[in-house]
Amino acid sequence: KAGVTQTPRYLIKTRGQQVTLSCSPISGHRSVSWYQQTPGQGLQFLFEYFSETQRNKGNFPGRFSGRQFSNSRSEMNVSTLELGDSALYLCASSSATSGETQYFGPGTRLLVL
Amino acid sequence: QQPVQSPQAVILREGEDAVINCSSSKALYSVHWYRQKHGEAPVFLMILLKGGEQKGHEKISASFNEKKQQSSLYLTASQPSYSGTYFCGTEKRTGNQFYFGTGTSLTVIP
């Protein structure tokens with residue numbers, strides 16, 4: 001099976017812009033979670049989608065949003081970018097919503113100037 | 001709600017053993033362990049679903065003490081390939097939020 005793929009891999013934006021990141025889960029996986037990783041804060045949970053519904057949301061401002069399509073692909077959007085949004089954004093897929101292994105994609109590295 | 005890991009960093013010589021601990025203030029449903037090498041995505045090591053459960057493969061094993069809300073990862077006869085940052089990930093009994101621990105940097109010197 002192909003692994004989790006994320007596009008783009010690298011992105012440079014300026015403050016105030018918005019960005020959309022994409023994640024394609026492993027075939028058959030219906031749960032997609034998004035994480036932000038920074039040197040200072042470590043891995044932080046953003047949100048989780050299962051069958052096109054947001055099941056859980058982390059403690060991030062409303063500028064961070066996401067959605068999931070019927071084919072389980074997911075997108076994450078960040079509006080009005082801030083310098084502090086510079087991070088590695090990881091998505092992970094699993095076959096269920098809890099107690100299951102999460103498989104991570106390679107991540108999208110976002111730099112906000 | 002982020003689990004706390006200890007130690008924060010450890011340096012070993014090849015062949016030495018290490019224990020990494022993960023503690024949560026919340027009741028846990030499961031504990032996952034991941035290893036992340038520099039510049040790479042986290043890679044799954046193992047998952048523990050029941051209190052008291054112990055799992056392992058080769059020289060890496062883990063235990064889960066549900067009552068104490070703690071998990072420990074044991075690495076024996078370490079190899080340089082074990083180097084990386086180890087994260088525990090925890091799920092609560094209610095809800096599906098997943099929290100990663102603070103991370104433990106492990107360096108094995110040949």
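Values in this document were obtained by computation on a predicted structure and should not be read as measured data. Hydrogens, waters and symmetry mates are skipped; everything else that's a heavy atom, side chains included, is used. Just so we're on the same page: letters track the sequence lines, and every chain starts at 1.
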Worksheet entry | Region of A:L43 in contact with chain B, defined by heavy-atom distances below 4.5 Å | both
Worksheet item: Would you call the rings of A:F104 and A:Y35 parallel, tilted or perpendicular, where under 30° means parallel and over 60° means perpendicular?
Response: tilted
Worksheet item: Charged N to carboxylate O under 4.0 angstrom, A:R55 versus A:E48?
Response: no
Practice prompt. Heavy-atom pairs under 4.5 Å with chain B are the metric here; pick the option from A:R109, A:Q102, A:K57 that has the most.
Written response: A:Q102
Worksheet item: Between A:Q41 and chain B, which part of the residue has a heavy atom less than 4.5 Å away: side chain, backbone, both or neither?
Response: backbone
Worksheet item: Going by the salt bridge (Lys or Arg N to Asp or Glu O under 4.0 Å) test, which pairs reach into residues 10-36 of chain A, not counting sequence neighbours?
Response: none
Item to complete: Scan residues 28-44 of chain B for pairs that pass salt bridge (Lys or Arg N to Asp or Glu O under 4.0 Å), counting only residues two or more places apart or in two chains.
Response: none
